[in-house]
Colleague: 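Here it is: the structure, laid out below.
In what follows, residues are counted from 1 in the order of the sequence shown.
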Amino acid sequence: MIMTGAILAAIITAAVSTLGDYLWANVLPHHRPIYGLAHGALLFLAVGVCLGAAARRAMMGAAGGAAIGFSAAAGFYLLQPFIGYTGLFVMFIGLWVALGLLNGRVLQARDPMRVVIVRSLLAAIGSGLGFYAISGIWFPFHPHGWDYATHFAYWTAAYLPGFGALLARRATEITEETV
């Protein structure tokens, strides 16, 4: 399978996430939902651009990604009083399913629905587990001592399974398109 697009998308998104970690820790006031909603929209706008660029529909990907990111952040704020920070994991998995549907039904529209669902679930499970594995990067909360290069590496590893599931293509598919 060809993974170049997935690796590049994971690196770009990791850079945006690392910048977000820095801003949350050093610039933005804490516990203000408006910043969380903006963070979700902007971060997943970047994800949408990456998915859309692979389909030559970057603007549509950006709009879809921003809407999904905003909705996931809003969902977290609705769930958080009931299930605490576990809501982050629930919404992270949900947003990868939504991104899979955006990619497979709107941006790429090349696979049957069952393949789109399988790719979406693989993206959700893979990146959900990746997110869970790295979720300790913010603790203890001493942002001036954080190693942002480590954050970048961890974010790359967490995003790669999601992008891999959504963007990986067999070499034969690519060859068929160019012929």
Side-chain angles (χ1 to χ4, degrees), residues 1-21 23 36-76 88-135 151-179:
M1 289 200 183
I2 305 298
M3 292 289 292
T4 308
I7 293 168
L8 184 58
I11 289 169
I12 290 167
T13 306
V16 174
S17 286
T18 303
L19 175 62
D21 286 349
L23 293 173
L37 295 169
H39 175 79
L42 292 172
L43 173 59
F44 286 92
L45 178 143
V47 171
V49 167
C50 291
L51 293 173
R56 294 180 177 81
R57 301 178 84 184
M59 294 304 288
M60 182 163 295
I68 290 167
F70 182 89
S71 298
F76 165 72
L88 276 174
F89 301 108
V90 171
M91 295 316 299
F92 198 78
I93 290 171
L95 75 82
W96 277 101
V97 169
L99 289 168
L101 293 170
L102 170 69
N103 187 62
R105 300 312 298 163
V106 177
L107 300 174
Q108 299 282 346
R110 60 180 156 81
D111 293 325
M113 189 60 165
R114 66 179 166 70
V115 173
V116 170
I117 290 170
V118 168
R119 284 179 178 261
S120 298
L121 291 174
L122 288 173
I125 293 166
S127 276
L129 290 172
F131 182 67
Y132 180 75
I134 71 157
S135 63
H151 280 226
F152 173 77
Y154 283 5
W155 279 121
T156 302
Y159 286 118
L160 187 57
F163 283 117
L166 298 183
L167 295 177
R169 301 182 62 198
R170 294 184 313 269
T172 54
E173 289 180 61
I174 295 167
T175 304
E176 291 169 1
E177 283 182 7
T178 58
V179 175

Colleague: For the rings on Trp96 and Phe131, is their centre-to-centre separation under 6.0 Å?
Modeller: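 No, the ring of Trp96 stays outside the 6.0 Å limit from the ring of Phe131, centre to centre.
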Colleague: How many angstroms lie between atom CZ of Phe76 and atom CG of Leu88, to the nearest 0.5 angstrom?
Modeller: 4.5 Å
Colleague: When you measure from the side chain of Arg119 to the backbone of Ala168, do you find a donor-acceptor pair of N or O atoms at a distance under 3.5 Å?
Modeller: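 Yes, because the side chain of Arg119 sits within donor-acceptor range (under 3.5 Å) of the backbone of Ala168.
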Colleague: Using every non-hydrogen atom in the two residues, find where Phe152 and Ala14 come nearest and quote the distance to one decimal.
Modeller: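 Nearest pair, atom of Phe152 first, then Ala14: O-CB, 3.6 Å.
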Colleague: Which value, rounded to the nearest 0.5 Å, describes the distance between Leu102 atom CG and Ile68 atom CD1?
Modeller: 4.5 Å
Colleague: Looking at Cys50 and Ile12, what are the two nearest heavy atoms and their distance?
Modeller: SG-CG2, 3.9 Å
Colleague: Determine whether His39 and Leu23 make a side-chain contact, defined as any pair of heavy atoms from C-beta on separated by less than 4.5 Å.
Modeller: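 In short, these two side chains do not touch, never coming nearer than 4.5 Å.
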Colleague: With Trp155, which of Leu160, Thr13, Asp21 fulfils side-chain contact (heavy atoms from CB on, under 4.5 Å)?
Modeller: Asp21
Colleague: Going from OG on Ser120 to CZ on Arg105, what distance comes out if it is rounded to the nearest 0.5 angstrom?
Modeller: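 Separation between the atoms: 10.0 Å.
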Colleague: Quick one: CG on Asn103 to CZ on Phe163, what's the gap to the nearest 0.5 Å?
Modeller: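 Nearest 0.5 Å value for the CG-CZ distance: 9.5 Å.
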Colleague: Just wondering, are more than 12 heavy atoms of other shown residues or ligands nearer than 6.0 Å to OH in Tyr154?
Modeller: no
Colleague: Taking all atoms of both residues into account, what is the closest heavy-atom pair of Ser17 and Leu43, and its distance?
Modeller: OG-CD1, 3.4 Å
Colleague: Which atom pair, heavy atoms only, marks the closest approach of Ala165 to Ala123?
Modeller: CB-N, 3.5 Å
Colleague: Kindly give the heavy-atom pair with the smallest separation between Gly61 and Leu107, and that separation in Å.
Modeller: N-CD2, 3.7 Å
Colleague: Between Leu121 and Val97, is there a side-chain heavy-atom distance shorter than 4.5 Å?
Modeller: yes
Colleague: Are the side chain of Ser135 and the backbone of Tyr132 linked by a donor-acceptor contact shorter than 3.5 Å?
Modeller: yes
Colleague: Can you tell me if Arg57 uses its side chain to pair, donor with acceptor, with the backbone of Val49 under 3.5 Å?
Modeller: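 Answer holds: no.
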Colleague: Which distance, rounded to the nearest 0.5 Å, do you find between the CD1 of Ile117 and the CG of Leu101?
Modeller: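 Separation between the atoms: 7.0 Å.
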Colleague: Can you name the closest pair of heavy atoms from Ala72 and Leu95 and give their distance?
Modeller: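 Of all heavy-atom pairs spanning Ala72 and Leu95, the closest is CB-CD2, 3.6 Å.
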